[in-house]
Each structure stands twice: as structure tokens, then as C-alpha cells.
Amino acid sequence: MYHNSSRLESILDMNFTYLQKTVRIIEGLSMKKYKHFETNAIRTQIKTTHEKEHASPMYLTSSFVFDDAEEMRATFAEEIDRNTYSRFTNPNTTEFIDKMCALEGAEAGYATATGMAAVFSTFATLLNAGDHLLSCRSIFGSSHSVITKFLPKYKIESTYLDLDDTDNWQEKVQPNSKVLFIETPTNPGIELIDLEFAGAFAKKNNLILIVDNCFATPYLQQPVEYGADLVIHSATKYLDGQGRVMGGMIVGRADLIKEIYTFSRSTGPALSPFNAWVLSKSLETLAVRMEKHGENALKLAEWLEANEHVEWVRYPFLPSHPQHEIAKKQMRSGGGMVCFGIKGGVERGRQFLNSIEMCSLTANLGDTRTIVTHPASTTHARLTDEERAATGIAPNLIRISAGLEHIEDIIADLEQAFGRSSD
Ligand SMILES: *Cc1c(COP(=O)(O)O)cnc(C)c1O
């Protein structure tokens, strides 16, 4: 104990070299090991213990013990590859990351406590004071807040690009532009961005392309194929798919993930091992769930399109979607999100929501339960009509996250709600 202070210094020193080792842990060990998505989602697993358990056990521990000083020394000297502290790495988190790397076709990943932790940690790692970020107007509300309210605190400026006018994107690029952050399909307007175009645009302008792939999930589209450098997820949505836990994920280029890991390891947005266990298990059913979400959503969209109470419907796999060709090119199916305009404006939208009986009114999406929301009277009520229009939210827009209930029961609930609200 008499060498206490110098010992602490040398531990801090060792901690620094330890960084290089842990990046190996977060690299996707089994990137697309099997030919098919479902198999990678089910068969990517951490090593079993001596108990030979079939399902991966939960490692609910904050730290990992060393047998002796020699093992601790060897670990910090990178001679042994092992877990130390769960803010850095944990076997459950590693399994979840490995699976997501396999499913997105990415080199490496880092798991976070929420989707917003993934978004913020990525921005905070990659952007410096004086850098400029390009994004699109219709992005997730909290991402919009981070970009417009908080990044300016750190002298990081941003410009929004118009989704429907890609011709003017080039003139918005500045010499200090570093990142292009996009989301497709968008929330809640279900608009699309051509990923092939975005990938080529980012490459030409030397921008780091980050895609929030929350609505599509890797089952429907894999942005890395189109040149995305990083892909971000709110695992809270379809990856869990059952409305149980919060989580986030960043996967992509190993050099960028290493920087994000280095930043996050000290700043602490890490995912809890329990949530990682839940999410990794959820991924085993992602393919079947997304198939069914897409099937229900398409039937719902077709039914809505023929409904007298409905002004318009937007769903990527309806031929009436303005970007249907892009949808077919880059998405396996249209996904679980549908939006439509109810006849009668804001007040009718409010009444419609009040008349819903079975479906849930809740601030989430990507659940087994169908969720109905009316952004203009709820989540986006504080915006002016103009601001709402700029983000693609009409006053009469109703957003539905089609669940996995029987489609006839979903339609019956909406039908009675149309009947009990009047325009
Ligand atoms: C929900 C959501 C997020 C944020 O994720 P949280 O897990 O709620 O922090 C980010 N992007 C999109 C598109 C989302 O829907």
C-alpha cells in the first residue's frame, strides 16, 4: 500500500493500452457467418459455460474477478482477452453486438442504453467544435432536438436537406461538413431516401454517412450495402419488438466504432447486460415478426386506401406511394408503419383517437400491439402548422404501428372508431 499513488498511475496507464484489446471484443466475430439472415440471428451466440446451457445465460455482474495480481497484470497488458467491467464490455452485450453486426453486415458495433444514447454518443464522438452536420427535416423528434438545441452549444452547426429536392443537396455542403445523418423511412411521414443516392452523395463529398435504420430494421434493408459508414438503432422498437426494454446500437466501420467505444467507455452510455440478454433473444424472432408486421401493415394500408373516411394513405409498398420504386429497390417489404390523413382535420383526429378501443394510445412503435397516434394533437402539438408541415406532419395525419394481432381485429377497431368520430 505504500506505493499507492504510483500504483494508481500505472493502472491508469494500463487502462489506456487496454483500449486496443477491447476493440477486438466489440468487433463482429461472426459477420454474416451463415448464408441466411434468420440463421445468423439465431445461431450467433457467445461460448457456452461448463454447464452446457442451450440459451445464453445472463451475466448480471458489474465487474469480473481476477484470480491474482498476475492475471490482472496480463489482462491490462493485453496478453489475456477478457471482460473487466460491464461499462466497458459484458458477454451479453457482446452477443447482442455480434448478432447486429452479422445482421447489418457491419464490421463492429457498440451497444447503448437507448437509441438516443446511440445518436448522441455518435455525434459527440465524431463532431468537433466548428464542424457542420447535414441532416433531413423529417427525422425523429429527439434527434431533431439534439441537432438544433444541443449541438450548437458545442459550436456544431447543421443544415437540413429537403427530402423531395435532392438536386439542391450539393449546394448545402460546406467545407466543414463532416456528417450526413439520415433516416428512412421517416417518422411519422413514412417518406423514403434513396440509399444508393445518399451513399454516392456522401462518398463524393467525403461525408460520414450515418443511417438511423429503426423503422426498417436490418431484415428489410441494410444501409451498409449502400455505403453507410454507421447504422444506428433504437433497439427499443422492432429489435425488442415487444415493448419491454430500452436499448440502442451503433454498427459500422471498425475505425469509427473504435472512436465511439473510446468515448463511450469513459462517458457511460452502456447498455445493461439484462437488456442486452432480452434484445439478443428478441433478434431470434426478428425475421418472422417483421414478415408479419409487413403483412398486417400492407393489408391495413390497402383497407385504408379504399375507406371513405380517409383522404390519403402512405405506405412504401402501396403503388400510390410517391417513392414506391425506391421502396421496392431497397426494402424487402414495406415494414410495420402506416400513416394516413383522416377526413376532418385536427379535431376529427382527436375524436378518432378517443374512439379507439383495442389498439393502444402510447408513445412507442414496433410492438406486438397495434399503436395509434395523432402527432398534431399530441407529440407535435407545440409546433406551428408551418413547422409541422416542414417535418412532413399534416394536421390530420394518423400514424399506425401495425402489431401482430389478427388483422381483422385491428381493422374492426379502426372501423368502429371511424364510425364514432365525425368529420
Ligand atoms: C425511438 C426512436 C429513436 C430513439 O430511441 P430511444 O430508444 O427512444 O432513445 C431514434 N430514432 C428513431 C427513428 C426512433 O423511432
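Computed from a prediction, not measured in an experiment: that's the story for all the values here. Whatever order the structure lists them in is the order used to number ligands and atoms, beginning at 1.
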Report task. Could you tell me which atoms of ligand 1, counted from 1 in the order shown, lie closer than 4.0 angstrom to a heavy atom of Asp212? Result -> 10 (C), 11 (N), 12 (C), 13 (C)
Query - Contacting atoms of ligand 1, where contact means under 4.0 angstrom from a heavy atom of Gly115 - result: 5 (O), 6 (P), 7 (O), 9 (O)
Any nitrogen or oxygen of [X], side chain or backbone, less than 3.5 Å from one on ligand 1?
X: Phe140; answer: no
X: Glu183; answer: no
X: Asn187; answer: no
X: Leu365; answer: no
X: Lys237; answer: yes

Requested in this report: Cation-pi check, Arg265 to Phe88: give yes when NZ or CZ is under 6.0 Å from the six-membered ring centre and within 45° of the ring axis, no otherwise.
Outcome: yes
Requested in this report: Please report which non-hydrogen protein atom sits nearest to atom 9 (O) of ligand 1, along with the residue it belongs to and the distance in Å to one decimal place.
Outcome: Met116 N, 2.8 Å
**Report entry** Protein heavy atom at shortest distance from atom 7 (O) of ligand 1
**Finding:** Thr236 OG1, 2.6 Å
Ring-ring centroid check [X] [Y], cutoff 6.0 Å:
X: Trp169; Y: Phe197; answer: yes
X: Phe418; Y: Phe352; answer: yes
X: Tyr315; Y: Phe340; answer: no
X: Tyr238; Y: His233; answer: no

Query raised in the report: Does CZ belonging to Arg369 count more than 12 external heavy atoms closer than 6.0 Å?
Result: no
Report task. Look at the rings of His324 and Phe317 and say which category their plane angle falls in: under 30° parallel, 30 to 60° tilted, over 60° perpendicular. Result -> perpendicular
